[in-house]
Amino acid sequence: MQADHRHERDSLLIGRFQPLHYGHLEVMRKISAASENMTIGIGSAQYSHTVNNPFTAGERYRMIANTMKEVGIDNAYIVPIEDLNRYSVWVSHVISMSPPFSIVYSNNTLTRRLFKEAGYEIKDSPMYNRHEYSGKEVRRRMLCDGDWRSLVPEAVAKVIDDIDGVGRIAGLKDDV
Ligand code: ATP
Ligand code: MG
């Protein structure tokens, strides 16, 4: 499928955002500035309440929307996207859920491959302080009562506090 030329500066970024951290935010700032519109796809939207996927799509939506507001990014669309266990139709699935886009930002090999095969322009984005800025590290610190707050925007910490996210993860850790 060919991307529509009218949307040549519209971008897509997909992640699980479990939770959104400063690494994601840096990428979003960059993409937002380079784009007319930026669609943020919340991947694996159907999962929640596990140690690796603790937050619902709705909770992640709030984290992203409130952060965009907090930092003044006003060209973001947020779209929850459930997994499909059939990769050959996954791109069509994403397209069906998203506003139009023609550029895909991803560092994930499979995502890049699938969109490339579908005729999309793929861009990679640099990793910022990946040692600390990763969802896995944020969740690890939540589990061991570490300093996770310094890794996420204030708006994200507020949502996590609202829903007792730390209590939720702590209650799930024996399920791993
Ligand atoms: P997890 O550890 O749970 O996999 P993650 O930090 O890798 O979380 P994802 O939601 O899996 O976050 O990633 C979404 C996208 O964000 C990926 O394409 C990834 O390249 C990008 N990303 C993740 N961390 C950073 C970072 N520190 N700097 C820049 N981009 C990042
Ligand atoms: Mg990841």
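Just so you know, ligand 1 is whichever comes first in the structure, and atom 1 is the first atom listed for that ligand. Here the structure is a predicted model, which means the values were calculated and not measured. Values below: every heavy atom of this structure, side chains too, minus hydrogens, waters and symmetry copies. Count residues from 1 along the sequence.
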[X] side chain to [Y] backbone, donor-acceptor under 3.5 Å:
X	Y	value
Arg168	Pro54	yes
Arg62	Val159	no
His21	His24	yes

Can you check whether [X] has an N/O within less than 3.5 Å of an N/O in ligand 1?
X	value
Ser134	no
Gly135	yes
Ser106	no
Asn108	no
Tyr133	yes
Phe17	yes
Ser125	no

#### Entry: Pair Lys123 + Glu121, salt bridge at N-O below 4.0 Å
yes
[X]: heavy atom below 4.0 Å from ligand 1, yes or no?
X	result
Pro126	yes
Glu132	no
Ile14	yes
Gln18	no
Met127	yes

What's the shortest heavy-atom distance between [X] and [Y], and which atoms?
X	Y	result
Glu59	Ile163	CD-CD1, 3.5 Å
His93	Glu82	NE2-O, 2.8 Å
Ala157	Arg149	CB-NH1, 4.0 Å

Give a yes-or-no answer on whether the side chains of [X] and [Y] include a donor-acceptor pair shorter than 3.5 Å.
X	Y	answer
Asn37	Asn75	no
Ser11	Ser35	yes
Asp83	Ser44	yes

Please state which protein non-hydrogen atom is closest to [atom] and give its distance, to 0.1 Å?
atom	value
atom 10 (O) of ligand 1	Arg16 N, 2.8 Å
atom 14 (C) of ligand 1	Gly15 CA, 3.3 Å
atom 30 (N) of ligand 1	Val27 CG2, 3.2 Å
atom 28 (N) of ligand 1	Tyr128 N, 2.8 Å
atom 23 (C) of ligand 1	Arg130 NH1, 3.2 Å
atom 13 (O) of ligand 1	His24 NE2, 3.6 Å

Is it the side chain (CB and beyond), the backbone, both or neither of [X] that lies under 4.0 Å from ligand 1, heavy atoms counted?
X	value
His21	side chain
Asn107	both
Arg139	side chain

### Message
For a side-chain contact (heavy atoms from CB on, under 4.5 Å) check, start with the C-alpha distance between Glu154 and Val71, then their side-chain angles and the critical distance, and finish with the verdict.
### Response
CA-CA 10 Å; Glu154 220 171 287; Val71 304; over 6 Å; no
### Query
By number and element, which atoms of ligand 1 are closer than 4.0 Å to a non-hydrogen atom of Lys136?
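Listed by number with element: 1 (P), 2 (O), 3 (O).
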### Query
For the ring pair Tyr47 and Phe55, is the centre-to-centre distance below 6.0 Å?
no
### Task
State the NZ-OG1 distance between Lys158 and Thr67, to the nearest 0.5 angstrom.
12.0 Å
